[in-house]
Amino acid sequence: MSSATMTSDLSSEMEVDAFRRLFPLRFHERHLQESIRPDARPLGKARDTSVALGAVASADGSALAKIGCTTMLAAIKMEVMTPTTESADEGCIAIDFHMPPICSPIVRPGRPAEAAPVISKQLSDTILRHVKVFSAKLFSFACVEALLSSNLAERSVLVVLQCPRYYNGLKLHELSQQLLVLSASSVNNSLLASQNHSGMINLKELSLVSGKAAWMAYLDIYCLDADGALFDAALLSAVAAFSHLQIPVVSLNDDGRVVVVSNEEGEKLEKEPVNKEKRKLKLSSIPFSLTCVLHKNYILADPTAEEESVMETLLTVVLDSSFQLVSLYKPGGPVLAHTSVIQDCVALTRQRLKELQKILNEAVSDMEVD
Amino acid sequence: MEIDRADGRTPNQLRPLACSRGILNRAHGSANWSQGETKVLAAVYGPKAGTKKNENPEKACIEVIWKPKTGQIGKPEKEYEMILKRTLQSICLLTVNPNTTTSVIVQVINDDGALLPCAINAACAALVDAGIPLKNLAVAICCCLTHSGCVILDPNKLEEQKMKAFVYLVFPNSILSVLPEGSSQVGGEPVEHGIITSVTHGVMSVDDYLHCLQRGRAASAKLSDFLRRNLQSHSPGDLSKAG
């Protein structure tokens with residue numbers, strides 16, 4: 001009690017900036033008591049958000065997203081690759097998130113920011129949404145490798161395949177059979193998962209010639225200014241870049257390889273292009289996110305970097321356009337999230353989703369008019 | 001809605017738990033935690049003097065190092081390190097030893113599903129073994145949602161791959177208190193029903209998530225009992241490492 005009155009006395013004597021630096025927590029709590037935040041926002045309101053498509057001319061799809069001061073630049077580059085045998089008719093997406101030293105005083109040149117790989121992983125989980133498929137594939141690879149690595153095992157597999165009835169008492173045979181069963185079941189699983197996942201992008205759309213050529217989409221997101229809610233801004237820029245993406249025209253060259261047709265020589269080629277014209281990807285159930293800071297009983301939507309550092313409990317909710325929960329992410333923090341808090345955060349995210357959808361649609365329709 | 005599990009468990013049944021503490025000689029605290037075939041070894045060194053860069057020197061700092069079973073550390077491991085660090089920070093009393101660093105090293109011995117919850121439980125037991133001041137213990141559980149909408153607990157690797165979605169949840173353990181019941185409630189819910197950490201994979205409806213939460217809470221009470229019994233069984237008279 002005495003300390004409280006002391007600091008509040010001080011607050012009347014001190015300059016506001018000095019009070020803010022010396023007692024950051026009290027400074028924010030004084031605002032919260034009045035249901036307002038230092039930047040004059042109400043607690044549940046997100047900062048002004050804007051999306052601009054086509055910011056990088058050399059990329060196949062790009063977008064610049066701003067939430068308040070937080071700025072993210074996303075660009076997609078398409079390359080033709082040979083698909084793996086397990087997913088012969090699917091393309092691939094590689095997502096990377098970069099935090100250069102320019103974005104924040106915390107990031108030092110020469111050593112990567114701690115947050116960058118974490119956000120990168122979160123983004124690929126949210127956009128691809130079938131993380132487990134990869135581990136299943138790896139597992140089947142491991143099995144096949146294990147079989148191939150030892151000659152004996154390989155031989156016994158051949159035996160098993162050729163004349164399964166005549167080999168009964170051999171241990172090696174049992175082992176290899178077990179491995180075969182395991183790898184078969186994991187392949188099955190990966191098939192199951194890829195059929196059932198409801199990701200934003202259907203990877204089959206990125207296929208060109210089944211088993212021969214498919215698109216590899218490299219999505220790189222650069223954080224230009226890190227002022228809180230990094231994941232929200234990164235996801236928004238990624239989604240916007242995908243909705244701007246135009247898949248280039250490709251054709252077969254004389255060697256029978258798939259090459260990208262550049263604009264100038266496109267008319268001179270006699271060969272039929274593999275895909276007729278530039279096309280857009282079909283995006284289903286687009287994910288949108290909202291990060292909230294929890295402090296005592298207060299929920300602050302879309303925190304700035306200062307708010308994130310003073311009040312440490314973060315909760316990120318990702319919903320897709322049909323209001324399904326894609327992710328509810330709360331990595332620790334001193335405040336516990338009870339059911340009512342979770343429901344409030346989900347409700348805030350629903351509101352935010354409608355705002356973001358509108359902003360994104362406007363950006364896309366602006367682009368089409370130009 | 002009954003669901004058959006490959007190992008014959010009921011949906012709510014956890015795999016056999018085992019925990020042994022103080023198994024490493026040089027570490028200040030260590031614990032081996034296993035849930036079925038998933039095994040994790042955690043070691044704690046500290047508190048050591050000084051904090052790392054960008055950490056608040058007025059508080060104790062916790063550093064987590066994740067060692068995978070094989071190979072190099074990648075993005076998923078970095079994420080695990082961050083989640084584990086934030087989770088442990090929220091249960092430690094950080095103001096008791098300001099300007100110190102406590103290192104938690106997590107070595108995966110075998111991964112058969114629910115790896116992160118297992119690592120959190122192991123790290124928590126190791127912190128107790130090292131005598132690091134804690135507010136409360138954390139118990140972690142993995143809940144899975146099948147395609148038919150059933151919730152199953154503590155899946156193994158194959159089950160995890162077949163699921164529509166799964167959730168890792170961390171709760172504080174139930175408190176034994178002399179205070180009358182209900183005095184430590186927050187908004188009509190007991191403290192141990194609040195979530196310390198939540199990580200989800202896959203798409204589900206909000207109601208399904210809340211359902212998972214409910215089942216996770218019920219199971220966390222069992223885990224919390226196990227942890228308490230295990231800690232009490234050899235806490236008095238365990239003077240092998242005193243001094």
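Each chain gets a letter, A, B and so on, in the order its sequence line appears, and its residues count up from 1. From a predicted model like this one, the values you see are computed outputs, not experimental measurements.
Using a 4.5 Å heavy-atom threshold, the side chains of A/Leu325 and B/Val203 count as separate. You'll find the side chain of A/Gln343 reaches within 4.5 Å of the side chain of B/Leu210, heavy atoms only. B/Tyr209 places none of its side-chain heavy atoms less than 4.5 Å from the side chain of A/Val346. By the 4.5 Å heavy-atom criterion applied to side chains, B/Ile195 and A/Ile342 are counted as neighbours.
Interatomic distance, OH of A/Tyr329 versus CD of B/Glu79, reported as 4.0 Å (0.5 Å rounding). In this structure, OG on B/Ser205 lies 11.0 Å from CG on A/Leu319, to the nearest 0.5 angstrom. Here the straight-line distance linking atom CD of B/Glu81 with atom CD of A/Glu114 works out to 8.5 Å at 0.5 Å rounding. Between the OG atom in B/Ser198 and the NZ atom in A/Lys330 there is a gap of 8.5 Å [rounded to 0.5 Å].
Within a 6.0 Å radius of CD in A/Gln357, more than 12 heavy atoms belonging to other residues, nucleotides or ligands are found. At most 12 heavy atoms of other shown residues, nucleotides or ligands fall within 6.0 angstrom of atom CD1 in A/Ile102. Heavy-atom contacts from other residues, nucleotides or ligands closer than 6.0 Å to CD of B/Glu55 number more than 12. More than 12 heavy atoms of other residues, nucleotides or ligands sit less than 6.0 Å from atom NZ of B/Lys39. No more than 12 heavy atoms of other residues, nucleotides or ligands lie within 6.0 Å of NZ in B/Lys67, so this atom counts as exposed by the packing criterion.
The contact between B/Met82 and chain A is made entirely by side chain atoms (from C-beta outward), counting heavy-atom distances below 4.5 Å. Residue A/Ile119: no heavy atom, backbone or side chain, is found under 4.5 Å from chain B. With a threshold of 4.5 angstrom between heavy atoms, A/Val335 approaches chain B through N, CA, C or O but not through any side-chain atom. Only the side chain of B/Leu213 comes within contact range of chain A, with heavy atoms under 4.5 Å apart.
No other option in A/Pro117, A/Ser322, A/Gly333, A/Ala337 has as many heavy-atom pairs under 4.5 Å with chain B as A/Ala337. Between chain A and the options B/Asp207, B/Asn56, B/Asp208, B/Val199, heavy-atom pairs under 4.5 Å are most frequent for B/Val199.
Between B/Lys75 and A/Ser120, the side chains place a donor N or O and an acceptor N or O closer than 3.5 Å (distance only, hydrogens not considered). B/Arg217 and A/Thr339 are linked by a side-chain donor-acceptor pair at a separation below 3.5 angstrom, with hydrogens and angles left out of the test.
Listed here is the closest heavy atom pair of A/Gly332 and B/Thr197: N-OG1, 3.0 Å.
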